[in-house]
Novice: 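One structure coming up, written as structure tokens, with questions to follow.
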Amino acid sequence: TIGETSDGRPIVLSSHALDAVDWLIPINRIKQHTSFRGALESGICKITAIGLGGRPGASAAHQLGPDGIARYVEEGAELAFSRLRVPFALGIIEGPSGETADVVALEPDGLIEHEKRCLDRARQLHPALPFDDLDVLLVDEMGKDISGTGLDTHVIGRWGIGGLPPMERPRIARIGVLSLSPASRGNANGIGMVDAVSDRLVEAIDYADLRVNTLATTFLERGRTPLRFPTDGAVIEACLVGARIPPEREPRLLRVRSTKHLDRFYVSEGLASEVQRAGLALVEPFAAIRMREDGRLVSTFDDQERRR
């Protein structure tokens, strides 16, 4: 413990970071955080003030809730930089599809203010769905390699926690998710933001890892298991029923590979009239959703990746 915030929260740093190196160069993505808003969110300051504190540091910060984490990050980073030998830091700014848009070197003097400007740029590049109002968002895969919360909260328009004002867009009645990425190794943090999931997703969960992650964040509601269904088709049907779509209107359903891969997706006929208005182009004709014999949706996104 190297000090305290203005409200008495301990600032914790790894002894390795403090004592076992001559120089320490923080490297991190600078991006919007999935759990709080502030002038500083995910980036150099957060990985220094919270990441270098390990689980004790994460717990100390998250005990403040979404309203207090941003303050903890700025105060903690300022104190940490006064103790660490940081010659510079590297901030990575991502493009809409997760590609590297820029790598920025931040010098110690003015680092915090420089990172705030980088975050403004990252917000402008952040991916978003092309439609503001959906009955159903169907996501083929969620996972920790996609977002810290499995699904990017800014893409789906849901925080999944209390204490923050609701997002203005997008407005999605129901969200269904079909699988958990192998890279998550069973950690399905963020599953509680979803309305319906497949049995195969639930069966892939390692609840020991999920509990550790969820407890460290204090956002227990994000670890709740939603209603589960034996097949992908049953997930889709449940979301359509739960969306309470008027009988005179076609369903507005959007299917994406993940919240990180938004360059290609599928729309139902109820969204067809809005495709051109959104600056998009239909590249394949409408067709029935194809199911495998085991009840899984045919993974056409994998086919697209191979064609690239």
Side-chain angles (χ1 to χ4, degrees), residues 1-5 7 9-94 98 100 103-108 111-116 118-119 122 143-150 152-154 161 183-185 187 189-190 209-219 222 260:
T1 300
I2 62 168
E4 295 181 344
T5 61
D7 57 358
R9 298 284 176 175
I11 302 295
V12 182
L13 284 183
S14 161
S15 59
H16 292 289
L18 288 166
D19 304 326
V21 294
D22 295 322
W23 299 98
L24 185 135
I25 302 171
I27 303 174
N28 200 18
R29 293 178 299 173
I30 297 175
K31 61 191 291 285
Q32 297 182 101
H33 199 273
T34 57
S35 303
F36 67 90
R37 285 179 170 146
L40 292 168
E41 295 183 17
S42 283
I44 302 303
C45 291
K46 179 175 177 289
I47 201 174
T48 303
I50 298 178
L52 289 181
R55 187 175 178 185
S59 296
H62 285 87
Q63 285 293 327
L64 294 169
D67 291 334
I69 298 176
R71 183 178 68 253
Y72 183 100
V73 168
E74 185 159 357
E75 292 184 12
E78 190 171 355
L79 181 59
F81 288 136
S82 72
R83 294 286 303 272
L84 298 168
R85 300 185 66 189
V86 176
F88 65 94
L90 289 178
I92 302 166
I93 299 175
E94 292 184 341
T100 299
V103 178
V104 182
L106 295 85
E107 297 181 350
L111 186 151
I112 291 177
E113 294 304 315
H114 191 176
E115 182 175 331
K116 290 178 181 179
C118 289
L119 177 59
K144 292 291 290 184
D145 54 321
I146 295 162
S147 172
T149 49
D152 190 319
T153 57
H154 299 280
I161 52 176
S184 297
R185 294 186 292 182
N187 186 346
N189 182 44
D209 281 356
L210 176 58
R211 282 191 289 268
V212 169
N213 193 169
T214 305
L215 286 171
T217 67
T218 72
F219 306 135
R222 285 183 173 171
K260 188 176 181 179

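Quick caveat: nothing in here was measured; it's all calculated off a predicted structure.
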Novice: Please report the interatomic distance CD1(Ile11) to CD(Glu4), rounded to the nearest 0.5 Å.
Specialist: 9.0 Å
Novice: Measure across Ser147 and Thr34 and return the closest heavy-atom pair with its distance rounded to 0.1 Å.
Specialist: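 Shortest heavy-atom contact: OG-CG2, 3.5 Å.
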Novice: How close do Ala49 and Val73 get, counting heavy atoms only, and between which atoms?
Specialist: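 Heavy atoms of Ala49 and Val73 come nearest at CB-O, 3.7 Å.
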Novice: Hey, is Lys46 close enough to Glu115 for a salt bridge, meaning N to O under 4.0 Å?
Specialist: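 Salt bridge flag = no for Glu115 with Lys46.
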Novice: What pair of heavy atoms forms the shortest contact from His33 to Glu41, and how long is it?
Specialist: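 In this case the closest contact between His33 and Glu41 is N-OE1, 2.7 Å.
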Novice: Rounded at 0.5 Å granularity, tell me how far CD in Glu74 sits from CD in Glu78.
Specialist: 7.0 Å
Novice: If you look at every heavy atom in Ile50 and Ala61, which pair is closest and at what distance?
Specialist: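 Looking at all heavy atoms of both residues, the closest pair is CD1-CB, 3.5 Å.
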Novice: Nearest 0.5 Å please: distance from the CD1 atom of Ile27 over to the CD1 atom of Ile92.
Specialist: 7.0 Å
Novice: Counting heavy atoms not belonging to Arg185, are there more than 12 under 6.0 Å from its CZ?
Specialist: no
Novice: To the nearest 0.5 angstrom, please state how far the SG atom of Cys118 sits from the CG atom of Leu40.
Specialist: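 One gets 10.5 Å once the value is rounded to the nearest 0.5 Å.
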Novice: Quick one: side chain to side chain donor-acceptor pair (under 3.5 Å) partners of Thr153, sequence neighbours excluded?
Specialist: none
Novice: Would you find a donor on one side and an acceptor on the other, under 3.5 Å apart, between the side chain of Thr214 and the backbone of Arg211?
Specialist: no
Novice: Start with the C-alpha distance between Asp152 and Lys260, add both sets of side-chain angles, then the distance that settles side chain to side chain contact (heavy atoms under 4.5 Å, CB included), and finish with yes or no.
Specialist: CA-CA 7 Å; Asp152 190 319; Lys260 188 176 181 179; over 6 Å; no
Novice: Would you please name every residue forming a side chain to side chain donor-acceptor pair (under 3.5 Å) with Arg71, sequence neighbours left out?
Specialist: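 Here the qualifying residues are Asp7.
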Novice: Quick check: do Val86 and Thr48 have side-chain heavy atoms less than 4.5 Å from each other?
Specialist: no
Novice: Would you say Asn189 and Arg222 make side-chain contact, with heavy atoms under 4.5 Å?
Specialist: yes
Novice: Here's a test for you: under side-chain hydrogen bond (donor to acceptor under 3.5 Å, both in side chains), which of Thr149, Asn213, Asp209 qualifies with Lys144?
Specialist: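 Single pass found, and it is Asn213.
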Novice: Measure the spacing between CG of Leu84 and CG of Leu24 and express it to the nearest 0.5 Å.
Specialist: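 Those atoms lie 6.0 Å apart.
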Novice: Under 4.5 Å between any side-chain heavy atoms of Cys45 and Leu111, yes or no?
Specialist: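 Contact flag for Cys45/Leu111 side chains = yes.
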Novice: Between Asn28 and Ser42, is there a donor-acceptor pair closer than 3.5 Å when you use the side chain of the first and the backbone of the second?
Specialist: no
Novice: Give the minimum heavy-atom separation between Phe88 and Ile25, together with the two atoms involved.
Specialist: O-CG2, 3.5 Å
Novice: For Ile161 and Ser35, which heavy atoms make the closest approach, and how far apart are they?
Specialist: CD1-O, 3.6 Å
Novice: Check whether any side-chain N or O of His114 sits under 3.5 Å from a backbone N or O of Pro108 as a donor-acceptor pair, and report yes or no.
Specialist: no
Novice: With rounding to the nearest 0.5 Å, note down the distance linking CD1 in Ile112 to CD1 in Ile44.
Specialist: 11.5 Å
